[in-house]
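Have a look at the structure below before the remarks.
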Amino acid sequence: MADWILGEFGTSSALLKAAEQLRREGHTRLDTYSPYPLDGSSEALGLPRSKIPLIGLAAGLSGATLGYVIQWLTNAVDWPLNVGGRPPHSAPTFIPITFESGVLLSALSIFFGLWLILRLPQPYHPVFDLEEFRTASSAGFWLSVESVQAAAEKEQLVRRLRSLGAVQVSIVPERR
Amino acid sequence: MKSPSDRVDEAGVDRAVEREFPMGAAETADGMDRRTFVQLLGTSLALSGLAGCPRAPPEKILPYTRQPPDLTPGNPLHYATAFATGAYATGVLATSWEGRPTKIEGNPLHPSSRGAAGLFEQASILQLYDPQRARLVKYKGVARAWKSFLAETRQRLDYLLEANRAAGLRFLLDPSGSPTVEDLRRRIAAAFPNARFHAYEALDRDNAYQGARLAFGRPLETLNEFENADVILSLDADFLQCVGPHLRHSRQFAARRAPGPAMNRLYAVESMLSVTGTMADHRLRLRSSEIQSFALELLSELVGKHRLGALAAIASALGQPLDAGPRAAWVRAVAADLARHPGRSSLVVGPRQPALVHAIGHAINSALGNFEQTVRFTRPVPLEAEAGSAALAALAAEIRDGRVDTLVITSRNPAYTAPANLEFPSLLSSIPNVIYHGWYEDETWARSAWTIPAAHPLETWSDARAHDGTISIAQPLIAPLFNGIPELELLASFVGEVDKNAYQILRESWQKKTPAADFEQRWERWLADGLVPGTAFSPERPSVRWDALNAAIRGAGKQDDAAPPGQRPLEVNFVGDYKVYDGRFANNAWLQELPDPITKLAWDNAALLSPATAQRLGLGQGEVVTLELRGRRVDAPVFMVPGHADDAVTLPLGYGRSGMEGVARGMGFNAYLLRHASAPWFDSGLTITSRGKHHPLAVTHDHWSMEGRPLALQSTLAEFQKNPGALDELRGPTETFHRPVDYDQAPHRWAMAIDLSRCTGCSACVVACQSENNIPVVGREQVRRSREMHWLRIDRYFSGPIEEPSVITQPVACVHCELAPCEYVCPVNATVHSDEGLNEMVYNRCVGTRYCSNNCPYKVRRFNYLHYTQDKPAPEKLMMNPDVTVRARGVMEKCTYCVQRIERVRIQSRIENRPIRDGELQTACQQACPAEAITFGSLHDQSSRVSRLHRDPRRYDLLHDLGTRPRTAYLVRIKNPNPELA
Amino acid sequence: MSALFPPAANTIVRVAALVLLAAPIIAVGTLYAYANSPLYTGQHDQIEQVIQFDHRHHVRDDGIDCRYCHSSVERSPYAGIPPTEVCMNCHAQVWNKSPLLDEVRARYFTDRAIAWNRVHRLPQFVYFNHSIHVNKGVGCVTCHGRVDRMAMAEQVAPLTMGWCLDCHRNPAKHLRPVDLITEMSWEPAVNRDQLGKELMEKYDVHTRTNCTTCHR
Amino acid sequence: MEPVGQPDALDPAPLLVGVKDDQTVTQIIFRPVWERTRRGWWILFLIGLGGVGLLITAISVTLARGIGAWGNNIPVGWAFGIVNFVWWIGIGHAGTLISAILLLFQQKWRTSINRFAEAMTLFAVMCAGMFPVLHLGRPWFAYWLVPYPNLMRIWPQFRSALTWDVAAVSTYFTVSLLFWYVGLVPDLASLRDASKSRLQRIVYGIFALGWRGSGRQWHHYRIAYLLLGGLATPLVVSVHTIVSFDFAEGLIPGWHSTIFPPYFVAGAVFSGFALVLTLMIPARRFMGLEQVITLKHIDNMNKVLLATSMMVGYGYLIEQFMGWYSGNIYEMYSVLNRMFGPYALIFWLLILCNVLAPQLMWSRRMRTNLAVTFGVSLLVNVGMWCERFVIVVVSLHRDFLPSSWAMYRPTWVDLSLFTGTLAFFGTLFLLFLRFLPAVSASEVKELRQELSEHAEEKAA
């Protein structure tokens, strides 16, 4: 069965060093845990650039276009009424809604995009099985290696973590 | 689409009879009552479900069983009839939808209407449906059958006849010229030789008739033909609004206001600022008591300087020479002007002035050779020439002596309108058998033994005479809604004709008069035309009895007291009210809510005085004071009116009612309580003491000044001709970012023109609009909160010195801007433009943001802050114009240029495949206007009256610099002052 | 081994989240579908009448022209519900004993109106004028359907503002010769649009879509 | 307590006082959530509920009887309703401004107060959002402002600033909500893990969505949070700009003015900061947050208050100047009417509160004096309400034609609606303080980290 190896470190810098080290040694399925974002954690884990900005941009542009087109279709094309002698297609007055709809769609897609990328909500996760791990969100700095199969590898990892300065190391099984 | 039959709802009226509640919008107290709670539930339902969901239970359609032949469901019919206020009748056309009268308009064929309709004629439609009208024949408060009244009265009369040949039988009638009433009276007199007839109305014309008697030796009716008059001098005569055939007067007067050589000139001398006063080219404010000496001064001036031969006869009578001062200059100028226009001038004297002033007026007119030119005479229209307090005093004396056993009253509520010193109410109570034929359970009703509900003019057959004697046959449009009894039937019952209805009585008396074979055809024609041709009185040609006049003048002492302004004792003036007349219209919510043409007061009257006098007495606007005169007291709020004579107070009559009429009760104060039979019109020695309270008056327009803004413009003939281009910056195209919308393709280009030179501010248009467009009445409390709903309002501005202000009135309704500021701010397209340039208001799309009203620079939009139409009693629902949506709570509304009329005429013309003719289409306001100040039509038609007026040099646009491009154009008011007085 | 949530929680929470997001969308969709359905517009409702009047019989079998009963249709905004006397014109002679007509006779002789239930109902703020439509070649059947096939009169058209506008924006294909307005089964020999154009010329048809055309 | 991050010339007072390590932060910030409900809280809460009851009554009456229950009339078609709307929306701007704009400018002092301010924003916008619907004559048709294909074939009219409002306000509320929630998630996770009671752990656990604070999560989270801030920044400016269009679009003297957008935005920030101060000064005291919300924060906010006050003051000045400079009789009259008309008192009151009172903030002693700050912040709240009253009511009650001039007097319903929303706002805020961390723990920890590194560098 696959297990997760978790190690707690005293300081964020120790954590980051350890992660860096393990990655160099070829461990890919690493992750760090900290109560607040750590500068350099992304680099330590070697993560690619996030897609979220692209999502936001695309959604924003399409939202704005949609907003303008709706106004134009309804007020200038489908039923162009004589409203106070103003031209049916009065572009300047369409700007505010165009902008707002752009922002709205962009924000929504960033919000939901984030949860999709992070696969959240996910109230259960193997790491939560470890009682000590509760410190991770308030004070502790943890490092995890994902579902390790071979017993030998587990042994080796536990030792390696200790040697990298982990205060404590635990093994939690994956449940389905 | 509403089927006609929807509204033919027999149950409706009965329901109204069952549940009585105040007409018009009730006072709305804050807080949550039961109805509010139900509404809340309803609201929440509307919120939850889809509003306007048609799953309601099916509507009923009730077709006729036998459809009247000339009736097409869905198309209105018009009937000619007549409506009399006082002795004079005005011919009107009543609109009827499947038997429901909904609107009253003028009869173009009638001499005193000429197609125009006044406030009272139009508003009377509301009184027809007034659920508070008297409903039951009662004896001492107990409901009785009409039959039993007839029987018991018969018995009593027989008894009286035996006892003393009915010496105790008296009639107190409303003055009228009805030939049929005349017949009946003759026959009653024959049956009861000792019976006596009296006539009384609070706003009598005794002075005029006595003046004629003094000048000519017999009472005569004075007819003014203003179309022939170049110079008019009005001595306390409000001939454009109240006196005589004012509709006719207005039209004739307005016809001569077009700038140019033919323009007339009006001098007005009066105490309280009147509608006529606002139109005057020169106005002299004098206390009513000073006007007689003014007349004498004028007379002496004409005699002395202008040597009018005829007047020399009384030269000896005129002692006092004309002293110096502004007033003297005035007199000289006027005298000179009159003398310059012999036969083309006219001197009008108001009924409030004593007989002598009238006589002097006749003398001057005759000396100026105005007889047969601008002034004509006929025999009096009413059967009794004297119908005022004198007449009533005579009757009162008889009652006091116990010589009256049975008094039949058809006069309007004498217990209320009688001068206080007669103590008429208690006298009435002392009479064994009073029979009162009245509209309401009013003050008189409460003191009468037999009380009989009167039928409304639209409910009964009758006939009446116009100012010149022309007879109209008044026909009913609907059966009496509240069991009203026609006056004719009541009178006929005294000569035993108990089984005949008014129609038979009327027809028979006419058949006797016209034995012609073709009576039937004639009768039909009379009904169709609304008048009987050739029944105008033949002209009288009286001549002035100089000696008598001579004596009278010698007898008359100098009236003014020498004391300088400020120390003189306060003079009190009693005037008929513009809105409720003598009080007979006090229960008419339309008239109560109508802002007074001068004061802009609604729902109340007040003690009117000049700002200077108010200052002297240390009184503020709306301060409650106690007025005391000859030991009688009444409390009233004071109201300052610029241009009112100093040291004088004017009290409009007709308010402070204590009868059973829910609308009238509690509104204003009762000025009759101060009125004395010996001085019914003005009196001296009034004392005022403040009560230290303040009464919140409902004023719709309390700002006097125009703040130097070019809104309601007036100029003089001279100035205008000097510089005709002065208006160019107030008209013509304005800069705009937008390519102007092209209206050339549209079939019409609707527009309106309002000529301020013609508009007198009489407000007939406001009532016409209210009647045509189902405009709700909101009640005094709502008007105080300035939520009145009138689509058309009349602005009134004062300019110049506050003592001698120049006044201008300006009707303002939606001006239908081509670049309408209200439209582009509406978030839901509820107000947009039609291809013909109408600013359309779509009630059913409106969500009620009120943004349009905020952004309307003319503030002509009206918002239904509460459900004003909801509390309408059922009978009033019958009065609604089915062509106009009745607006619900929370939606905006405004003038539509009477689009319902436009569409009706359009559809008719399209069916007949012809264009709409100019003049075929009239808006309600235009139709009612006696001065023809309002014109409506299409600008596409270059020859149409409206496009000519839009090209008029006097044309300008209201708030032109805002670039809204209004479709309603205004024409500057031009005045024609006398250079000598400049 | 003491996680706060069991593994199943993941699925549960995710499904719940989706439902929460979808709910409002579904609600609005349903409401919209309802508003567009005959349920809302009241089409094809069978409306009972106090008297079982059968249009099939009068129109199809007897071939009585619509205008015989709805006589003001060419002169007035309202087509007009026939006065009872119109029924009696015929039924004084025919079926003058029929129990079906007892009510009619009773009402006629006691001069009490027959209370019909309205079938075509427009809101109070809508002003529809029959005369102009009929005079410009819009046939009865165009809006009222094959009345000659209705046992009980029913509303065929949705009578929504959109429906009115469709025709007012493009009337040609709804027009017919004026002399055939009451024809139930009329079909143009030539192509409809072509005829429509000619008729628009002939009758000088100018449909209007201004608000005040219907709302005043 | 030795302060972390020594004060220096630029940075007089410390941002954090006596927070040794993350545990302390957790303790300080989560204590209010964990401890037993205090009596004081209950009292305030019940008062709040009473006010909410009043609000519900007033709303019911308004719906049942119509706008007639208010004091509005013709010409004053808009009054308390819109005044309150603009006032609340304005207040709603501080939150986003603090958290978004200061985030972009990387202002350290923002971290302790942004959560607080964002919550305020949300609740203020809720209060504001009520009025545009309530003030409709037929509120049940409010959905007609939304474009949807319907049986009438008719659409909203997008030239009207009101349709812009709908878009702006709803967008603003949504985005603020998302931004606030995203910021909350790490703290919720922390609460899930650090709380004692199982119930708390489960509830917070559900809303924490299973946040683990893993490097991969932070990786996306940071950029997302930054972007939302980036979006909120122009948004917050646009919203009050559009609100100002409600008036600037009109042609009424006193409305028809091009300076409205900037001066409305400034006013919004002004009032928002004022209310943040009004709420924060007592809150930090009673909730023992002095260590994380220090005088430094108060000081900085007072500076912003002063700056925005000057901008607003400039706005007033220019308005009157333009009134005169335009040479337009109507504009000139409206200026005079503001200053000397029947409502002059309110105008001078707003000058006192918005322009004069904040001048105290030139002195640091005043800026760091809690009593003074609290007083001034209250005055500014009053002043900003008066400003909106002057703009809306005083402009309307006397416009072009003197014939239609009239006075406006509020009814008890008007007053209840306003006080009711105040209570509603307060109630929501109490709930927030009770059940959510009023200060962002994760961000404060991050800040503490930075500050200590900063200190070490200086030490070295």
Side-chain angles (χ1 to χ4, degrees), chain B residues 1-6 8 10 50 52-68 71-75 747 773 829-836 838 840-845 882-888 896-900 902-904 906-908 910-913, chain C residues 31 34-35 39-42 45 47-48 71-72 74-86 88 107-132 134-136 159 161 203-206 208-216:
Chain B
M1 172 190 75
K2 291 165 247 48
S3 119
S5 350
D6 293 2
V8 184
E10 310 98 332
L50 283 168
C53 165
R55 318 304 297 150
E59 277 179 17
K60 295 292 179 195
I61 306 179
L62 301 166
Y64 290 93
T65 37
R66 295 174 186 76
Q67 185 164 312
L71 181 146
T72 310
N75 293 338
N773 293 303
N829 272 325
T831 179
V832 297
H833 246 63
S834 83
D835 59 344
E836 297 172 337
L838 292 184
E840 301 175 312
M841 180 66 224
V842 191
Y843 313 121
N844 42 302
R845 178 66 179 174
D883 266 359
V884 178
T885 309
V886 173
R887 283 79 60 187
T896 63
Y897 271 172
C898 282
V899 66
Q900 67 278 11
I902 297 178
E903 293 304 327
R904 268 205 180 261
R906 180 204 307 282
I907 287 173
Q908 202 48 44
R910 304 279 296 109
I911 289 177
E912 294 163 16
N913 288 310
Chain C
L31 205 61
Y34 166 71
L39 280 173
Y40 176 73
T41 57
D45 289 0
I47 293 175
E48 296 283 346
S71 51
S72 58
E74 290 165 308
R75 296 172 282 129
S76 158
Y78 314 123
I81 303 296
T84 318
E85 65 188 332
V86 172
M88 294 305 286
R107 297 255 168 191
Y108 179 69
F109 291 116
T110 56
D111 192 5
R112 285 175 299 130
I114 301 172
W116 300 97
N117 287 325
R118 177 183 293 289
V119 176
H120 295 83
R121 174 179 177 180
L122 293 181
Q124 294 289 305
F125 48 74
V126 177
Y127 288 83
F128 176 83
N129 187 309
H130 275 93
S131 60
I132 186 67
V134 167
N135 280 289
K136 297 293 179 185
L159 299 186
M161 179 170 163
Y203 300 142
D204 183 27
V205 173
H206 296 291
R208 299 172 59 74
T209 55
N210 289 283
C211 306
T212 45
T213 309
C214 309
H215 305 299
R216 298 163 205 164

Roughly how far, to the nearest 0.5 Å, is [atom2] of [Y] from [atom1] of [X]?
| X | Y | atom1 | atom2 | answer |
| --- | --- | --- | --- | --- |
| B/I907 | C/H130 | CD1 | NE2 | 12.0 Å |
| B/R845 | C/C211 | CZ | SG | 10.0 Å |
| B/H833 | C/N210 | NE2 | CG | 10.5 Å |
| C/C214 | B/N844 | SG | CG | 10.0 Å |
| B/K60 | C/R118 | NZ | CZ | 12.0 Å |

Side chain of [X], backbone of [Y]: donor and acceptor closer than 3.5 Å?
| X | Y | answer |
| --- | --- | --- |
| C/Y127 | B/V884 | yes |
| B/T885 | C/R216 | yes |
| C/S76 | B/P73 | yes |
| B/E840 | C/T212 | yes |

Can you say whether [X] sits under 4.5 Å from chain B via the side chain, the backbone, both, or neither, judging by heavy atoms?
| X | answer |
| --- | --- |
| C/R75 | both |
| C/V86 | neither |
| C/N135 | side chain |

(request) Quick one: list whatever passes side-chain contact (heavy atoms from CB on, under 4.5 Å) with B/R906, sequence neighbours left out. (result)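 Counting only residues at least two positions away or on another chain, B/R906 forms a side-chain contact (heavy atoms from CB on, under 4.5 Å) with B/P747, B/H748, B/W750, B/E836, B/I902, B/E903, B/R910, B/I916, C/R208.
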(request) Measure the shortest side-chain to side-chain distance between B/T72 and C/S71 over non-hydrogen atoms and say whether it is less than 4.5 angstrom. (result)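 No. Closest side-chain heavy atoms not under 4.5 Å.
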(message) Less than 4.5 Å apart, side chain to side chain, heavy atoms only: is that true for B/Q908 and C/I132?
(response)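 No. Closest side-chain heavy atoms not under 4.5 Å.
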(message) Testing the basics here: between B/N75 and C/P77, what is the closest heavy-atom pair and its distance to 0.1 Å?
(response)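 Residues B/N75 and C/P77, closest heavy atoms: OD1-CD, 3.3 Å.
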(message) side chain to side chain contact (heavy atoms under 4.5 Å, CB included), that's the test. Do C/T84 and B/R66 meet it? Break it down for me.
(response) CA-CA 7 Å; C/T84 318; B/R66 295 174 186 76; over 6 Å; no
(message) So which residue, B/N773, B/N913, B/L838, B/D883, ends up with the most heavy-atom pairs under 4.5 Å with chain C?
(response)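 With the most close heavy-atom pairs to chain C, the winner is B/D883.
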(request) Verify the neighbour count for atom CD of C/E48: are there more than 12 heavy atoms of other residues, nucleotides or ligands below 6.0 Å? (result)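 12 or below, so no.
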(request) Not counting sequence neighbours, which residues clear salt bridge (charged side-chain N to carboxylate O under 4.0 Å, His left out) with B/R887? List them please. (result)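 Partners of B/R887 under the salt bridge (charged side-chain N to carboxylate O under 4.0 Å, His left out) test: B/E893.
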(message) With a 4.5 angstrom heavy-atom cut-off, is it the side chain or the backbone of B/T896 that approaches chain C, or both, or neither?
(response)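 The answer is neither part of B/T896.
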(message) Please classify the contact of B/D835 with chain C as side chain, backbone, both or neither, using a heavy-atom distance under 4.5 Å.
(response)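 Contact with chain C is through both the backbone and side chain of B/D835.
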